[in-house]
Amino acid sequence: MSPSRVTDHSEDPLATQASTKSSPRCFGKMNTSMIESKFLSHPEDLGIVAVGFSGGQGKPGVDAAPTALIESGLLTQLRDELGYNLHGHDAVHSYPDLVATSADQDPPHRGMKNPRSVSAVTRRIADQVYSHAREGRLVLTLGGDHSIAIGTIAGSAKAVRERLGRDIAVIWVDAHADINTPETSDSGNVHGMPVSFLTGLAREEKEEFFGWLKDEHRISVKKLVYIGLRDVDAGEKKILRENGIKAFSMFDIDRHGIGRVVEMALAHIGNDTPIHLSFDVDALDPMWAPSTGTPVRGGLTLREGDYICESVHQTGSLVAVDLVEVNPRLASDVDVGAHETVRAGCSIVRCALGESLL
Ligand SMILES: NC(=[NH2+])NCCC[C@H](N)C(=O)O
Ligand SMILES: [Mn+2]
Ligand SMILES: [Mn+2]
């Protein structure tokens, strides 16, 4: 198949690049175009939601991640090398109208810290992701801490239901399960709870505390699969067990290899289901991604992380991707650590969006 047949950007100088084999830049674009998307009406259109939010946990700096990722060239690569048309890429959102400016404006509720801010911000993110996804675009969200997945997954679940009448599946790549309820959480940090709210295991009536989450936003525990787990709280293990949630820990990856684990994860979802990939950079070993708030040793190599993303892309079922928990202010050697972590994050995103070597 010739590249000029798979794209119709004949006027676009990028297309010329893609048709001459002289530049390595053409490979990503060719592959992006060659994989048929099963569920997107505009697979070359990428909605970007850049979220500078850190209220789901206590360490400042994770709000600086979108800017760090963008400054390192991520969006330019997605546009110029992978050939996406970007939408919503000109702003990094910090939601000043929604975030409480002092802790006493937002006291704990059921033990959750910053509950009003996290609820209001994730509600807004849900709207942003929804409006891209409703157009049939692929959506990329750059966090921010992992609490933002309450918004991203709520938004894509609702849009895909409306657009296609289907339920999405979620692949959650993380060292942690993030499925604490407010009651099982030891930390009170909402970034450890998003999955419990999204599956309805945790519920709230009051609008201001995630009461805005309705059935249309929720996902089934049957369509959820974890990869990379190695630091799961006792209460979370009980939740995973009691709900029969599919989870591949680092033990499973050591035993079967990443290839087989991804195959089993995708088989669990079924090959006719739209996929939302939520990737916490702490799934990677701190050797590759030291600059993150809750690092856990014994994680994925960067190659294993990239492999997961490449495989998910290859299904043609991907509808949304999150990259979260990059904190460029943390590391024993901040300059080197942040640089490496941002670099790893960019690689993960490019692989999920179709970069491939050949
Ligand atoms: N998204 C994350 N990095 N989550 C870490 C969660 C850690 C711990 N399980 C908690 O509930 O606080
Ligand atoms: Mn994590
Ligand atoms: Mn997480």
Side-chain angles (χ1 to χ4, degrees), residues 51 53-63 65 108 110-115 118 121-122 125 141-153 170-199 201-202 210 219 224-240 245 247-250 253 276-300 304-305 308-309 320-331 341 344-345 348-349:
V51 178
F53 180 67
S54 65
Q57 48 85 65
K59 295 176 185 167
V62 69
D63 44 296
R110 291 170 60 186
M112 290 183 278
K113 294 174 179 160
N114 314 316
V118 183
V121 167
T122 53
I125 294 168
T141 304
L142 302 174
D145 70 67
H146 220 162
S147 68
I148 69 163
I150 295 175
T152 64
I153 292 174
V170 171
I171 302 181
W172 193 279
V173 185
D174 204 323
H176 309 94
D178 295 347
I179 198 167
N180 274 304
T181 64
E183 287 66 36
T184 65
S185 170
D186 286 334
S187 66
N189 292 329
V190 179
H191 81 153
M193 310 177 194
V195 183
S196 74
F197 280 101
L198 287 164
T199 52
L201 294 168
F210 306 104
I219 56 162
L224 166 66
V225 53
Y226 288 104
I227 302 176
L229 300 185
R230 58 193 182 277
D231 183 12
V232 181
D233 301 338
E236 293 181 300
K237 287 182 183 166
K238 189 159 178 272
I239 293 172
L240 294 179
I245 294 170
F248 297 98
S249 65
M250 289 310 299
I253 293 166
H276 185 123
L277 175 65
S278 201
F279 200 111
D280 183 330
V281 83
D282 72 28
L284 300 178
D285 192 89
M287 188 173 282
W288 299 98
S291 296
T292 188
T294 49
V296 190
R297 295 189 300 171
L300 300 171
E304 288 170 329
I308 295 168
C309 296
V321 184
D322 312 324
L323 177 72
V324 299
E325 299 285 352
V326 171
N327 187 332
R329 308 255 157 86
L330 298 174
T341 309
I348 289 296
V349 170

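Ligands are counted one by one from 1 in listed order, and the atoms in each one are counted from 1 as well. Owing to the predicted nature of the structure, the values given are computational and were not obtained by experimental measurement.
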Sub-3.5 Å donor-acceptor pair from the side chain of [X] to the main-chain atoms of [Y], do we have one?
{"X": "S196", "Y": "N180", "result": "yes"}
{"X": "K113", "Y": "G188", "result": "no"}
{"X": "T122", "Y": "V118", "result": "yes"}
{"X": "E236", "Y": "D178", "result": "yes"}

> Looking at the Mn ion (ligand 3), is one of the N, O or S atoms of D280 less than 2.8 Å from it?
Replying inline: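 D280 does place an N, O or S atom closer than 2.8 Å to the Mn ion (ligand 3).
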
Please check whether [X] reaches ligand 1 - meaning an N/O of the residue sits under 3.5 Å from an N/O of the ligand, judged on distance alone.
{"X": "N189", "answer": "no"}
{"X": "S187", "answer": "yes"}
{"X": "D282", "answer": "yes"}

> Between H276 and W172, does a ring-ring contact (aromatic ring centres under 6.0 Å, His included) hold up when you go through it step by step?
Replying inline: CA-CA 8 Å; H276 185 123; W172 193 279; 8.5 Å; no

>> Between V225 and V170, is there a side-chain heavy-atom distance shorter than 4.5 Å?
In response: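 With C-beta onward as the side chain, the pair stays apart.
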
>> Side chains of D145 and V190, heavy atoms from C-beta outward: is any pair under 4.5 Å?
In response: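 Not in contact.
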
Closest protein heavy atom to [atom], given as residue, atom name and distance to 0.1 Å:
{"atom": "atom 4 (N) of ligand 1", "result": "D178 OD1, 2.9 Å"}
{"atom": "atom 11 (O) of ligand 1", "result": "N180 ND2, 3.0 Å"}
{"atom": "atom 7 (C) of ligand 1", "result": "H176 CD2, 4.0 Å"}
{"atom": "atom 3 (N) of ligand 1", "result": "T294 OG1, 2.9 Å"}
{"atom": "atom 9 (N) of ligand 1", "result": "D233 OD2, 2.8 Å"}

> Rounded to the nearest 0.5 Å, how far does CG of L323 lie from OG1 of T141?
Replying inline: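 Between T141 OG1 and L323 CG, I get 10.0 Å after rounding to 0.5 Å.
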
Using a distance threshold of 2.8 Å, state whether an N, O or S atom of [X] lies below it from the Mn ion (ligand 2).
{"X": "E325", "value": "no"}
{"X": "H146", "value": "no"}
{"X": "D178", "value": "no"}
{"X": "D231", "value": "no"}

Answer yes if the side chains of [X] and [Y] hold a donor-acceptor pair under 3.5 Å, and no otherwise.
{"X": "D282", "Y": "T294", "value": "yes"}
{"X": "T292", "Y": "N327", "value": "no"}
{"X": "H146", "Y": "D174", "value": "yes"}

> Which bit of D280 is near ligand 1, meaning a heavy atom under 4.0 Å away: side chain, backbone, both or neither?
Replying inline: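 For D280, the contact with ligand 1 is made by the side chain alone.
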
>> Test of understanding: given a 4.0 Å heavy-atom threshold, classify the contact between E325 and ligand 1 as side chain, backbone, both, or neither.
In response: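 Side chain only.
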
>> Need the ligand 1 atom indices (1-based, order shown) with element for anything under 4.0 Å from a heavy-atom of H146.
In response: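 Going through ligand 1 atom by atom, the ones under 4.0 Å from H146 are 1 (N).
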
>> Need the atom name: nearest N/O/S atom of D174 to the Mn ion (ligand 3).
In response: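 Output for this pair reads OD2.
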
> For the Mn ion (ligand 2), what is the closest N, O or S atom on H176?
Replying inline: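 Among the N, O or S atoms of H176, the one closest to the Mn ion (ligand 2) is ND1.
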
